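Quick notes on the structure that follows.
All residue numbers refer to positions in the sequence shown, counting from 1. Since the structure is predicted, the reported quantities are computational estimates derived from the model, not experimental observations.
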Amino acid sequence: MLELLPPPPSDPLWELTAAFAADERPERLDLVLGVYRDSSGRTPVMAAVREAEIRLAERSASKEYRGLSGNAAFNRLLPELVLGSAAPADRAVAVQTVAGSGALRLLADLVARTRPGATVWVSDPAYVNHRPILEAAGLTVRPFGWRDAEGGFDAQGVLRELGAARRGDVVLLQGCCHNPTGVDPAAADWEALAGRAVRDGWVPFVDLAYHGLGGTLEDDLLGTRLLAARVPEVLVAVSCSKNFGLYNDRTGCALVLGTSRAALRNVETALQNAARTLYSMPPEHGAAVVATILEDEGLRRLWRAELDGMRERITANRAELAARLDALGHPATARELARQRGMFSMLPLPAHAMLRLRREHAVYGTAAGRINIAGLAPHHAPRLARAVAAVLGARDAPRTPPGPDGRPPVRARPRPEPRPART
């Protein structure tokens, strides 16, 4: 039987991670996996998470099965965090999942069950696992462009291409900190997308994995909350991996908004049945940690402060890299990087140039040009900038030469793009 299996494709991210582990060069930089690292290069356990774990250990609660929907407190508190006052509780049903990827798959199965002929529209470029998850559920996937010629969000182009979406189709939108580009819609763009969804009858499917790491938590949830308030039916896949640092605890939530309580009861049962066939029940620990934090005002404040600190370091990393590239003679690339948001940045490099970056400079990013800004230690920024500049080539002479310490003058630092207005 096993001899009949053809060679399957390997996962490109984990293939790069294995190549990095085998690389013996001490100066190598891992900017592939989407994990936050502090200035020492570690992925820390957040203090709020550690305190919640201590409290859970002291309680020594039973490890009895929780049920197909997972932790009930988590399923109540996470939608409140995500939606705020955008949607009343009687419009939403939530099921704990095996991280954000598990939520994407459960919701994809729901789409396949309710709309088997629907097309799911996905941005191009997109998160590397979006298309495989959707196609594994038997869905038809169609891409739509995301960026304009200058590397910003192509508002007109997106609306134009989505004009071909039929009633009942599904449009997968990343709620903030777009992976891999770091390019997000502004508040007015989210308004336009919501209006188009209502007018044309397609269903928004929001992938929410990085909220709090691009702008404030409220800023990053603006688009999701606006869709929830305006559109009758919305699907949301929520991950707690990044903003709670619960990477290997695999904690997520599938959230569905509708207008009928009877329909939502059927949705919950359908999600439970899908979970039963895939993994039965989600793991308890991470959900219990998140619920403990969100239920306690002191822990919630501590978590928010830590999340703000993580975001500020990511923002500083991006500004530092952009400033150095500007000083090395690449102002256009610097401007493009400076206006991106979140954990990832997209370098304007084709696959062969990213290969050069890896082979000649020991810098590991994806073939598409994505690098993990959140994984960059500050003292590595100068070397990364020099490596990227070398691969980009000398397009024009530096406007302002670096100082004696190799750092660009402060006046060369590009300004980050203004944040969207709060609602």
* Asked: Can you list the steps and then say if Arg76 with Glu295 is a side-chain contact (heavy atoms from CB on, under 4.5 Å)?
  -> CA-CA 10 Å; Arg76 172 176 53 84; Glu295 284 178 322; 3.5 Å; yes
* Determine, stepwise, if the pair Trp190 / Thr224 fulfils side-chain contact (heavy atoms from CB on, under 4.5 Å). => CA-CA 9 Å; Trp190 283 113; Thr224 303; 5.9 Å; no
* To do: With side-chain contact (heavy atoms from CB on, under 4.5 Å) as the test, would you mind laying out the steps for Leu221 and Asp219 before giving the verdict?
  => CA-CA 6 Å; Leu221 292 171; Asp219 288 341; over 6 Å; no
* To do: Go through the steps to decide whether Val234 and Val231 satisfy the test side-chain contact (heavy atoms from CB on, under 4.5 Å), and finish with yes or no.
  => CA-CA 7 Å; Val234 182; Val231 185; 3.9 Å; yes
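Applying the ring pair (Phe, Tyr, Trp, His ring centres under 6.0 Å) criterion to Tyr210, with sequence neighbours excluded, gives Phe344. Taking the salt bridge (charged side-chain N to carboxylate O under 4.0 Å, His left out) definition, one finds that Glu360 meets it with Arg356, sequence neighbours left out. In this structure Trp202 satisfies the ring pair (Phe, Tyr, Trp, His ring centres under 6.0 Å) test with no other residue, sequence neighbours excluded. Not a single salt bridge (charged side-chain N to carboxylate O under 4.0 Å, His left out) links Glu268 to another residue, sequence neighbours left out. Arg25 is linked by a salt bridge (charged side-chain N to carboxylate O under 4.0 Å, His left out) to Asp23, counting only residues two or more places apart in sequence or in another chain. For Phe205, the ring pair (Phe, Tyr, Trp, His ring centres under 6.0 Å) test picks out no residue, with sequence neighbours left out. Applying the salt bridge (charged side-chain N to carboxylate O under 4.0 Å, His left out) test to Asp154 and every residue at least two apart in sequence or in another chain returns nothing.
Of all heavy-atom pairs spanning Ala389 and Leu325, the tightest one is N-CD2, 4.1 Å. In terms of heavy-atom proximity, Val256 sits nearest to Leu264 at O-CD2, 3.9 Å. Closest approach of Arg313 to Tyr36, counting heavy atoms only: NE-OH, 3.2 Å. Residues Ser69 and Gln272 come closest through the heavy atom pair OG-NE2, 2.7 Å. Considering every non-hydrogen atom in both Val45 and Arg50, the closest pair reads O-NH2, 3.2 Å. The minimum heavy-atom distance between Arg261 and Asp90, with the atom names listed, is CD-O, 2.9 Å.
When atom types are taken as modelled, the side chain of Glu284 and the backbone of Arg66 share no donor-acceptor pair closer than 3.5 angstrom. Remark: side-chain polar atoms of Thr114 are paired, donor with acceptor, to backbone N or O of Leu110 under 3.5 angstrom. Under a 3.5 Å cut-off, the side chain of Asn75 and the backbone N or O of Gln96 do form a donor-acceptor pair. Distance alone, capped at 3.5 Å, places no donor-acceptor pair between the Asp249 side chain and the Thr251 backbone. In this structure a side-chain-to-backbone donor-acceptor pair under 3.5 Å is present from Thr97 to Cys253. In this structure, Gln340 contributes its side chain and Met346 its backbone to a donor-acceptor pair below 3.5 Å. Side-chain atoms of Asp326 never come within 3.5 Å of backbone atoms of Ala334 as a donor-acceptor pair (strictly under, hydrogens ignored). Under the 3.5 Å distance criterion, the side-chain polar atoms of Glu15 are left unmatched by any main-chain donor or acceptor of Ser10. In this structure a side-chain-to-backbone donor-acceptor pair under 3.5 Å is missing from Arg250 to Pro283. Although no hydrogens or angles enter the test, the distance criterion places no donor-acceptor pair under 3.5 Å between the side chain of Glu53 and the main chain of Ala48.
The closest side-chain heavy-atom distance from Phe153 to Asp148 is not below 4.5 Å. Residues Asp169 and Arg115 are not in side-chain contact: their nearest non-hydrogen atoms beyond the backbone lie 4.5 Å or more apart. The shortest distance between side-chain heavy atoms of Lys242 and Val35 does not fall below 4.5 Å. At least one side-chain heavy atom of Leu307 sits less than 4.5 Å from a side-chain heavy atom of Leu213. Proximity of Leu83 to Leu255: side-chain heavy atoms (C-beta onward) are separated by under 4.5 Å at one or more points. Looking at Arg37 and Pro44, their side chains never come closer than 4.5 Å, going by heavy atoms from C-beta outward. Side-chain contact check for Leu337 versus Leu347: some heavy-atom pair is nearer than 4.5 Å. For the pair Pro180/Thr366, no side-chain contact is recorded, criterion being any heavy-atom separation below 4.5 Å from C-beta on.
In summary, of the residues considered (Arg311, Arg225, Arg341), a salt bridge (Lys or Arg N to Asp or Glu O under 4.0 Å) with Asp220 occurs for Arg341 alone.
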Sequence neighbours left out, cut at 3.5 Å: what donor-acceptor pairs do the side chains of residues 376-385 make with other protein atoms?
from: Arg383; atom 1: NH1; to: His361; atom 2: O; distance (Å): 2.9
from: Arg383; atom 1: NH2; to: Glu27; atom 2: O; distance (Å): 2.1

Do any side-chain atoms of residues 127-141 form donor-acceptor pairs under 3.5 angstrom with protein atoms, and if so which ones, sequence neighbours left out?
from: His130; atom 1: NE2; to: Asp207; atom 2: OD2; distance (Å): 2.7
from: Arg131; atom 1: NH1; to: Glu135; atom 2: OE2; distance (Å): 2.9

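Summarising the geometry, atom CZ belonging to Arg91 is positioned 9.0 Å from atom CD belonging to Glu233; distances are rounded to the nearest 0.5 Å. We find the CD1-CG distance between Ile293 and Leu246 to be 7.0 Å, quoted to the nearest 0.5 Å. Expressed to the nearest 0.5 Å, how far CD of Glu336 lies from OG1 of Thr181 amounts to 9.5 Å. The distance from the CG atom of Asp189 to the CG atom of Leu159 is 7.5 Å, given to the nearest 0.5 Å. Rounding to the nearest 0.5 Å gives a distance of 11.0 Å between CG of Leu68 and CG of Leu271. The CZ atom of Arg370 lies 10.0 Å from the CG atom of Leu31; values are rounded to the nearest 0.5 Å.
A salt bridge links Arg230 with Glu191; the closest basic N to acidic carboxylate O contact falls under 4.0 Å. Ion pairing between a basic and an acidic side chain is recognised when a charged N comes within 4.0 Å of a carboxylate O; Arg300 and Glu80 show no such pairing.
In this model, no donor atom of one side chain and acceptor atom of the other lie less than 3.5 Å apart for Thr269 and Asn266. Side-chain contact annotation: Asn179 with Gln174, donor-acceptor N/O pair under 3.5 Å absent.
Under the ring-ring contact (aromatic ring centres under 6.0 Å, His included) criterion, the residue pairs touching residues 240-292 are Phe244-Trp303, with sequence neighbours excluded. Pairs engaging residues 155-182 under the ring-ring contact (aromatic ring centres under 6.0 Å, His included) rule: Trp146-His178 [sequence neighbours left out]. Listed by first then second residue, pairs satisfying side chain to side chain donor-acceptor pair (under 3.5 Å) with a partner in residues 101-112 read Arg105-Asp109, not counting sequence neighbours.
Within 6.0 Å of CD in Glu297 there are more than 12 heavy atoms belonging to other residues, nucleotides or ligands.
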